[in-house]
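Hydrogens, waters and symmetry mates are skipped; everything else that's a heavy atom, side chains included, is used. Counting starts at 1 for both ligands and their atoms, in listed order. Numbers here are sequence positions counted from 1. Values in this document were obtained by computation on a predicted structure and should not be read as measured data.
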Amino acid sequence: MNSSLSQISGPYYQVAVNAPLKGLLTYSAPEGLSFERGQSVRLPLGSRSAQGVIFSSSPEPGPYEIKKITEALDEHPRLPESFLRWLDWLSDYYMHPIGQVTSLAFPPLKKGGRARKAETAPLVPQAPMGPQKPPELTSEQKSCLEAIQSHSDFQVHLLHGVTGSGKTEIYLRLLEDTLARGEPALVLVPEISLTPQLVARFSARFPGQVAVIHSHLTEREKTNQWWEMVDGEKKILIGARSALFCPLPRWGLVILDEEHEASFKQDEKLRYHARDAAIVLAKMHNCPIILGSATPSLESWKNAQEGRYLLHQMQHRVAERQMPQIRVVDLRETRRQRRDPEGAAEAEELPFWLSSELYEEIEKTLERREQVALFLNRRGVAQTAQCSACGFVYECPNCAISLTLHRKQDLVCHYCDYTQVMKEDCPSCPDGEVKALGMGTELIEADIARLFPEARLARADRDEIHSRQDLEELIRSVEDRQVDVLIGTQMIAKGLDFPGLTLVGLILADVGFNLPDFRSSERSFQLLTQVSGRSGRHSLERGRVIIQTYNPSHPSVLYSLNNDYAGFAEQELAARQALSYPPFGRLALLRLQAQSLVALDQASDRLYLRAEKLKELNKAYADLQFLGPAPAPLLKLRNKYRHQMLIKAPQPQIIRGFLQQLLEGQKWLPPGTKVQIDIDPMNML
Ligand code: ADP
Ligand code: ZN
């Protein structure tokens, strides 16, 4: 790295100011003071005072009136060179103001305050079993580990291992190497997987060395953990995506587990993808980065196929534990049988959502005193409430989507939490009756309670689990075998590891198949594989999985049934290539928002005309494709109307220049409308 980059001298400085401004602002130094690149300062901005970070300097002031920096902010450490370059990349790539990107590098409070008593519950739990001796590696683990260890410089490693193949053990061995070299390491996991269970596995191996950062910490906790890393008191930082912003001068290793998880993409403000940002960070620190998953994203898989990433694979679970036995139940068949006179008895006994196959397996599993998990990606009692005479459906007045029934008569909007009471008399026709349609986790729970009155049930969805603490208590009670049947949404599908769990039932695999998103097949495949991976992780006997579906021949079902990730990826990549969707083309999503539909239509028209014009004028943009602007799948969300335009490009470079020109000035936007940019969007709704 070029150390002269950080040698700067005034008297004028270009500062990244924490405000929604495009570039750097020039300030002068107060008499007799000079500043260094990366230093924090306080300065005047309009009539207020703001904070900023020095990026560069110049001998000349430039064309504008120059204000003076107020003072140096010594409570912030100077940001390291590699980190500043990373911030620049983020701002540039995601088209977000550099000052606002830079402000993410600092903790919320001043150094040194103490956490209040109530907050000091152990952030980094020590494993109950005390320090542990590492297990003997399997041969697959050994060869993956050795292949990774042979690179000490920047290299992206994709570790593709089936659920339970022992990826975490490989991370632990690599961390050991890194610590032995005296270097710190960053471990990123999805927010939802960052449980005490997981942290304890790391701290058992590295007692006193682990710091944790995630979004559910108090400001004081976050500040303290941040300083423990920055001051070098702790060497391993485990965190959700925001931990990337802890400004260490050098990382020796970066690990990102469950790399396929969509939650690594931030959905607001700076819309960055933690995986891509972590790769750039590792590159700037010239250290290896490990991406781990049982179901890699197609982006990473393609990179590995083409040799940009090194691929390491583990096909077997450790200790000869077998992959679960998966059975698919065709619900069309179940429904047909129940219409027959002979099947009528069963139809009366079992709820419509429960096949006799799944019912019998639940019964057997409970008899063996083992645990069952039932997944359904829908909350509430019923999907919607609809009038059987006129078809009236209760809708949210803010979001224009149908309301979901909870408990006996509460209708709830799953986007904005609007609620109202359901009346059985239809509000829109004289003699109709409003009835619940479909199902949700609440209904499953009620039916299971009726069928298995002895079983102890727990439900994990956003209605029951409001906080991290709720989730942790639930995990503990399942681990302690106080729960026989766990019922939940995908909240519980991710990464959990319960020794007594030997039967997993997926109530309706079809929920995710047809979402208006080009990744819906990939997400379904991932969910099926992850859900199945929860079963029988610890027993020598095979775990069981039952998938109920109306679409038994859907590729996501077929390939996950055979545990054939590579096969799935191959056919899905071919489909993506035909339409130049990622990972072949690049996408940017422009989202227009307005309070009124009239203004929104006007903004959409103008945006489209500008885009077409630019494309006409510049040959470099000839390959760009525009989809829309069109109403977003959720046209009205939280009382704002939304249109979106998707821009497809063969190369990322083109898209950025194009967007800069397209959105320049924004004077063309009608008053009251806004446009947001999402580069590499993950969420198309
Ligand atoms: P993955 O992350 O690939 O799903 P884990 O790392 O969670 O898998 O490993 C699954 C289980 O196997 C864990 O309980 C872990 O402690 C155990 N394990 C890992 N490696 C070994 C090994 N070499 N020998 C015995 N047990 C192991
Ligand atoms: Zn709503």
Side-chain angles (χ1 to χ4, degrees), residues 125-149 157-176 185 187-190 192-206 210 236 238 255-261 264 290-297 300 311-324 326 371 373 475-476 478-479 492-502 504 526-543 545 560 563 565:
Q126 295 305 319
M129 48 282 188
Q132 273 189 313
K133 229 180 90 213
E136 187 89 21
L137 294 182
T138 65
S139 62
E140 282 188 324
Q141 282 173 321
K142 209 178 274 168
S143 58
C144 287
L145 180 66
E146 281 165 9
I148 296 172
Q149 281 168 330
H157 299 274
L158 180 61
L159 179 56
H160 173 219
V162 299
T163 53
S165 58
K167 294 185 286 295
T168 310
E169 186 57 39
I170 294 187
Y171 305 153
L172 292 168
R173 302 292 174 108
L174 291 167
L175 289 169
E176 217 168 274
V187 181
L188 297 171
V189 299
I192 191 95
S193 323
L194 194 47
T195 56
Q197 219 184 4
L198 177 111
V199 177
R201 272 181 84 181
F202 287 83
S203 64
R205 200 65 69 80
F206 307 104
V210 175
I236 298 174
I238 304 183
I255 292 168
L256 192 128
D257 194 27
E258 311 280 0
E259 70 89 32
H260 61 277
E261 264 294 309
F264 277 122
I290 321 297
L291 309 178
S293 177
T295 52
S297 64
S300 297
L311 180 63
H312 312 276
Q313 290 188 287
M314 299 196 290
Q315 322 254 8
H316 304 281
R317 285 186 165 177
V318 299
E320 295 174 18
R321 292 170 199 159
Q322 295 184 62
M323 294 303 287
I326 306 177
Q371 291 169 305
I475 291 173
R476 216 167 307 129
V478 180
E479 276 181 322
I492 54 168
K494 310 279 171 66
L496 299 183
D497 187 1
F498 299 120
L501 183 61
T502 57
V504 165
Q526 289 165 350
L527 185 69
L528 289 170
T529 307
Q530 298 288 341
V531 163
S532 311
R534 296 313 110 216
S535 179
R537 286 167 66 91
H538 289 257
S539 57
L540 286 176
E541 209 185 309
R542 280 180 98 174
V545 175
S560 67
N563 225 316
Y565 172 82

request  = Assess Arg201 for proximity to ligand 1: is some non-hydrogen atom of it under 4.0 Å away?
outcome  = yes
Ser300 side chain to Glu259 side chain, donor-acceptor N/O pair below 3.5 angstrom = yes
message = Tell me every residue that passes side-chain hydrogen bond (donor to acceptor under 3.5 Å, both in side chains) with His157, counting only those two or more places apart in sequence or in another chain.
response = His312
query = Is the closest side-chain donor-acceptor distance between Thr163 and Gln530 under 3.5 Å?
reply = no
query = What about Pro135: any of its N or O atoms under 3.5 Å from an N or O on ligand 1?
reply = no
task = Please indicate whether any nitrogen or oxygen in Gly164 is less than 3.5 Å from any nitrogen or oxygen in ligand 1.
result = yes
request  = Taking only heavy atoms of Thr163 into account, list the atoms of ligand 1 that are under 4.0 Å away from them.
outcome  = 4 (O)
ask   = If you measure from atom 6 (O) of ligand 1 to every heavy atom of Leu198, Leu159, Thr168, which option wins on shortest distance?
value = Thr168
key: Proximity to ligand 1 by part of Glu136, non-hydrogen separation under 4.0 Å   = backbone
remark   = Taken in chain and number order and not counting sequence neighbours, the residues that satisfy salt bridge (charged side-chain N to carboxylate O under 4.0 Å, His left out) with Glu169 are Arg173, Arg205
remark   = Thr138 heavy atoms within 4.0 Å reach ligand 1 at atoms 23 (N)
request  = Evaluate the criterion side-chain contact (heavy atoms from CB on, under 4.5 Å) for residue pair Ile326 and Ser560; output intermediate values, then yes/no.
outcome  = CA-CA 9 Å; Ile326 306 177; Ser560 67; 5.8 Å; no
key: Val187 side chain reached by Leu175 side chain, heavy atoms, under 4.5 Å   = yes
ask   = Relative to ligand 1, is Leu137 under 4.0 angstrom through side chain, backbone, both or neither, heavy atoms considered?
value = backbone
